[in-house]
Protein chains: 2
Amino acid sequence: MSSTIPTLGFAILSVLARADSTGYEIAGRMRNPVARFWTASHSQIHTDLRRLLAAGLVGYTTAPGPGPQEKKIYSITGEGLEALREWVTEPPRPQPERDELVLKTYAAWLADPAALSEMFRTALRGHEKRLAEYEAAWASMEKEAPAFGTPRFGNMAALRCGLTYERHRADWCRWMIDQLSRSLKPSCDASYPSEE
Amino acid sequence: MSSTIPTLGFAILSVLARADSTGYEIAGRMRNPVARFWTASHSQIHTDLRRLLAAGLVGYTTAPGPGPQEKKIYSITGEGLEALREWVTEPPRPQPERDELVLKTYAAWLADPAALSEMFRTALRGHEKRLAEYEAAWASMEKEAPAFGTPRFGNMAALRCGLTYERHRADWCRWMIDQLSRSLKPSCDASYPSEE
DNA sequence: GACCTCATGTAATGCGTTACATGATTTC
DNA sequence: GAAATCATGTAACGCATTACATGAGGTC
């Protein structure tokens, strides 16, 4: 009967369940470290917000905005909260895994090892940077473990996943770099004098 | 100038670089453990194959097929190989991360802990199953480390990523289940007689 | 007789990105 | 004066899924 809500709709509701926001702010919140697992452009968020509005899951109040249009501050409704609660415990549909770096790895045997090594070094830097971010956020959270039933529990749990994910990725990149360096100099071992 | 090839195009080329295949077989190969990082329906593979054909990156020979149409056995061309080689070492574009389970986790503070625990237990079983698969494949590969320049190097490297990914995921699920059980019985600790 | 595997394709629809359009305020 | 931030929206296009259509051969 009801038009099915796409996953992004629930992502929006998850943000609104924490704080009333404009469409613009929702996009911004999704870019923050603990909520980086779902992103969308503001244009899509706006269109999805209209759908949620039509379904009665969100409402809004207006305020004077900076641009020509008025600013709309959205909030989740009772039905919205109920729909979100129900959705949360439904088993997630199996998602097709698509990972460009791993695909490149699958075809890596065809390419130049030195260039590959460079690519993985770049990837590694990215993961290390994120890991540092996550670890800082984790440290500030661990001091007092947030109780279930408070939004900070969600923050911590999602962050924990991001943290161990980045660790796994960084480890894998290091492993790759090591493997590639072995194929670059398969002769004997590291007894080269490293002059120049 | 040239119409840009979507990532799926390169996934197809990566498969064809290993063995000539029909569109149907390509879809099948992508479902196998070491190449599970990119999937597509056969209908999309067929349309993309036509594009690769128009770009001169693949060719095909026909053979009598089981159905009304003829079977087409595709193979990668010289240009195709070159395009693939170039693409492999280009840094991957940052991909938007979308993870339904983590999104649910972010909103988990609103839901019923028992139902959540059940959901994570299901997820954990899935990851453990895959991990076992990957570990079996890994064991059979480690005996003789494949040399760079052979397809098996790509298999091993991609598999390594899948392996540590599933490990990270399973660990995180266990951590979540533990966290949730703490919120279920916050009283004292595990000194319950576990009769019944 | 029903269903699965092999094999190719078309069509409808939905999700997502990118680019375009507008415009005030603040920072360099 | 140029650029970034805040704020909303439309339009075009591309990627992906799902369903539909056809049909042989083998298995339960």
Side-chain angles (χ1 to χ4, degrees), chain A residues 2-12 15 19-32 37-55 58 60-74 93-100 103, chain B residues 2-12 15 20-32 37-55 58 60-74 92-100 103:
Chain A
S2 68
S3 58
T4 40
I5 296 146
T7 311
L8 175 57
F10 291 107
I12 293 171
V15 171
D20 296 356
S21 318
T22 66
Y24 185 89
E25 283 174 322
I26 293 169
R29 299 245 162 82
M30 286 188 184
R31 258 177 271 120
N32 116 329
F37 40 80
W38 210 274
T39 29
S41 56
H42 69 98
S43 55
Q44 211 193 334
I45 288 172
H46 281 124
T47 51
D48 267 45
L49 274 169
R50 235 177 302 137
R51 246 189 293 187
L52 292 171
L53 191 69
V58 301
Y60 69 88
T61 56
T62 53
Q69 266 107 350
E70 282 203 301
K71 183 159 109 166
K72 291 176 185 173
I73 297 150
Y74 288 90
R93 310 159 307 168
Q95 290 184 164
E97 297 170 50
R98 292 203 176 97
D99 193 318
E100 219 175 292
L103 177 55
Chain B
S2 68
S3 58
T4 40
I5 297 146
T7 310
L8 175 58
F10 290 105
I12 293 172
V15 171
D20 296 356
S21 318
T22 65
Y24 184 89
E25 282 174 323
I26 293 168
R29 297 245 162 83
M30 287 187 183
R31 258 177 270 122
N32 113 331
F37 40 80
W38 211 275
T39 29
S41 56
H42 69 98
S43 53
Q44 212 194 332
I45 288 172
H46 281 124
T47 51
D48 268 45
L49 274 169
R50 236 177 301 137
R51 247 189 291 187
L52 292 171
L53 190 69
V58 301
Y60 68 89
T61 57
T62 52
Q69 265 107 352
E70 281 202 304
K71 183 159 109 166
K72 291 176 183 172
I73 296 149
Y74 287 90
R93 311 158 306 167
Q95 290 184 165
E97 297 170 50
R98 291 203 176 97
D99 193 319
E100 219 174 291
L103 177 55

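Lettering follows sequence order; numbering is per chain, from 1.
If you measure from atom CD1 of A:Ile26 to atom P of D:dA7, you get 12 Å, rounded to the nearest angstrom. In this structure, B:Ile12 atom CD1 and D:dC15 atom P are separated by 12 Å, rounded to whole Å.
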Q: Heavy atoms under 4.0 Å is the rule here; annotate nucleotides 7-18 of chain C 5' to 3' with B where the base is hit, S where only the sugar-phosphate is, and - elsewhere.
A: BBBB----SBBB
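Looking only at side-chain heavy atoms (C-beta outward), A:Tyr60 and A:Ile73 stay at 4.5 Å or farther from each other. Annotation: side chain of A:Leu8 is in contact with side chain of A:Met30 (closest heavy-atom distance under 4.5 Å). Contact annotation: the side chain of A:Lys72 never approaches that of A:Leu49 to less than 4.5 Å [non-hydrogen atoms, C-beta and beyond]. Looking only at side-chain heavy atoms (C-beta outward), A:Phe10 and A:Ile5 come within less than 4.5 Å of each other.
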Q: In sequence, state the C-alpha distance, the side-chain angles, and the governing distance for B:Arg98 and A:Thr7, and then conclude on side chain to side chain donor-acceptor pair (under 3.5 Å).
A: CA-CA 10 Å; B:Arg98 291 203 176 97; A:Thr7 311; over 6 Å; no
Q: Let me see the working for A:Arg29 and A:Ser21 under side chain to side chain donor-acceptor pair (under 3.5 Å), right down to the final yes or no.
A: CA-CA 9 Å; A:Arg29 299 245 162 82; A:Ser21 318; 2.5 Å; yes
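Across its full length, the helix from C:dG1-D:dC28 to C:dC28-D:dG1 shows an angle of 30° between the axes of its 5 terminal pairs at either end, rounded to 10 degrees.
Put simply, CD1 on B:Ile26 and NE2 on B:His46 are 8.0 Å apart, with the number rounded to the nearest 0.5 Å. Taken to the nearest 0.5 Å, the CZ atom of B:Arg51 stands 8.5 Å off from the OG1 atom of B:Thr4. Distance check, rounded to the nearest 0.5 Å: CD of A:Glu97 to CG of A:Leu103 gives 13.0 Å. A distance of 5.0 Å separates CD of B:Gln95 from CD of A:Glu100, quoted to the nearest 0.5 Å.
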Please enumerate all protein N or O atoms sitting under 3.5 Å from an N or O of nucleotides 26-28 of chain D, with distances to 0.1 Å.
none

